[in-house]
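Within every chain, numbering begins at 1; the chains are lettered A, B, ... in the order of the sequence lines, protein sequences first and strands thereafter. Hydrogens, waters and symmetry mates play no part in the numbers below; they use all other heavy atoms, side chains included. Since the structure is predicted, the reported quantities are computational estimates derived from the model, not experimental observations.
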Protein chains: 2
Amino acid sequence: MAAAEPFQRVNRESTAGLITRQLREAIMYGRIAPGAQLSEAALAAQFGVSRGPLREATQRLVQEGLVRAEPNRGLFVKELDAAGIRDLYAARIAVEAAAGRMIIRGHSAEAVAKLRTAYDAMQDAAERGELAELSDADLHFHEVLVDSAGSPRLQRMHKTLMAETRMCLTALQGTYQDPEDQVAEHRRIAEAIAAGDADELVEAVELHMQEALDRLVPG
Amino acid sequence: MAAAEPFQRVNRESTAGLITRQLREAIMYGRIAPGAQLSEAALAAQFGVSRGPLREATQRLVQEGLVRAEPNRGLFVKELDAAGIRDLYAARIAVEAAAGRMIIRGHSAEAVAKLRTAYDAMQDAAERGELAELSDADLHFHEVLVDSAGSPRLQRMHKTLMAETRMCLTALQGTYQDPEDQVAEHRRIAEAIAAGDADELVEAVELHMQEALDRLVPG
DNA sequence: CCTTGCAGGATTGTTGACAATCTGCAGATG
DNA sequence: CATCTGCAGATTGTCAACAATCCTGCAAGG
C-alpha cells in the first residue's frame, strides 16, 4: 500500500449533479430571470440529456428552495419579495452566528487565521476598487466562516442560503456607499471570534445583516 | 359564485410526495434500519409505482440527508455516529435558539401561549406515565417553537433536523431518569421566551441539547 | 500464498414514448 | 354583448425497456 495517497479518487459526478450545478449557477447569477419558467423539454434539449436526469436536477433545486414547482404547471425560478429577503437574512444570522459560536468554543487558531485572510482579501479588492471582486470576497468570507465551524449540517443549510443571497446581490452590486464599511463589518465579526466574545459576535453578525437588509429592502 | 367556500381545494399530492412522506416516516421511526440498502426496484414494486417517481422520492431524502447515495451502488439509510449526533444537536441549537430569539423580538403573546400549551401537554403525558406520548409531545414542543418564529427557512431546516432526531430517539425511548426533568427543561425554554430574556433562552436551549447529547453519546 | 483476469448477477443510470392535466382561445348561446 | 362550453396546444407526470456500471466469486498464473 502507498503510505500517502498520490491519486485522488476519480470523481465522476452524476449527470444530474452536473446539471444541478449549472442550473444553480445560472439562477444565482441571474442568467435565468426570477419568475421565469423552466421548461423541462427545452432544458433537456439544451443539456443534451433526456428528461430523467434533468428532472432529478430540477427537483433538487426545488428542495433547495431556488425553484418553485406548480403541479402540472411547470417550474418557475423563485422570486424573492421583501419578506423573503428578510427571512433569508434572518436564517443567515441564525446559521452564521451559530457557526461563529462554534469556532469560539473550538478555540481554533486556524479558523481565525483563515477569517483574517478572507477579510484581507476584501480589503485588497476594496483598495483596488474592484467591486465585483470585493463582492466575491465578501461571499467567500461567509463561506469560510461557516466551513470553519466544521458542521456539515450548518454548511449544507448555508450553501442554500448563499445561493439565494447571490441572487439578491446580482441586483444590487456595489450599493455600499463606502467599500471600507463593508470590510469593517466583516473585520468586526472576525475579531469578535478571535477575541472569543460571543455576545459581540452575535451583535456584529446581526448588524451586518441589518445593514445588508437596509440596502436591499427600502421599507 | 358561492360566498363561502364549502369545498376545500382538492389536494392531489404528487406521487413522489406521497412516497417521500411514507419513506421518511419509515426511516424516522426505525422501520427501516440505519445502514440498510434501499432497492429501487423492490421499493417501486412495494409502492406499486414505476421507478421514476420512486427515484424522485429517494432523491429528495438524499438531499434531506436521511439517505446516502453511492453512485452505481445504491441507496443506504444514513447511520448516525457520535460525531453526527453531536452535529445534529449543534444545528438544532442554532435553529431553535434563533427561532426563540425571533419570537422574543416579535413579542408574540400567541406564540408564548402555544408554547405553554405544548409543555402542558408534556406535563400531562409525564404525569400519566405515557412515555411514548411524552416523546411525541416533546418533539411537538420543538416544532411549535420553530413554527412560531414564522420563518419558512428555519422551518424547512428544522424539519430535516427533527427527522434525524426522531431516528435517534427511536433507539432511546424513555431514557430520561425523571420525566419531570424533561418537562422542566422545556418549561425553562418557554418561560425564557415569555420573559423576553434572550441570554437565558440560549442557555436553556444549549443545556437542553447537552442533556440529550449526554444521554445519546456516552463519550 | 497472493495477485490478476474474467464471467455472472444485480443494481443503478438513462432513454423515448405514452397518458393525464392544465391554460388559452374560438365559437356557441342566452 | 357577456358568459359559458368545448377543443387545441403545450406541459408535466408516468412508465417499461435498454445500456452502463459495479460487486462477487472463482480459477489460473506467478
Quick one: are the ring centres of A/H186 and A/F141 less than 6.0 Å apart? yes
Report the nucleotide, chosen from [options], that has the shortest atom-to-atom distance to any side-chain atom of [X].
X	options	answer
A/Q37	D/dT11, C/dT15, D/dT21	D/dT11
A/E40	D/dT12, D/dA16, C/dT12	D/dT12
A/R55	D/dT14, C/dT11, D/dT11	D/dT14
A/R51	C/dT14, C/dT12, D/dT14	D/dT14

Heavy-atom nearest nucleotide on DNA chain C for B/G74 versus A/G52: which residue maps closer to 5'? B/G74
Please identify each residue that fulfils side-chain contact (heavy atoms from CB on, under 4.5 Å) with B/Q63, with sequence neighbours left out.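 side-chain contact (heavy atoms from CB on, under 4.5 Å) check on B/Q63 returns A/R60, A/Q63, A/E64.
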Atom [atom1] of [X] and atom [atom2] of [N]: how far apart are they, to the nearest Å?
X	N	atom1	atom2	result
A/E56	C/dG13	CD	P	7 Å
A/N72	C/dT21	CG	P	8 Å
A/E70	D/dG13	CD	P	11 Å

Check the phosphate of D/dC23 against B/R73, side-chain N and O only, distance under 4.0 Å to OP1 or OP2. Yes or no?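 Looking at the OP1 and OP2 atoms of D/dC23, one of them is under 4.0 Å from a side-chain N or O of B/R73.
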Can B/Q59 and A/Q59 be counted as having a side-chain donor-acceptor contact under 3.5 angstrom? no
A/E96 (side chain) donor-acceptor with A/V202 (main chain) under 3.5 angstrom: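 It does not hold such a pair.
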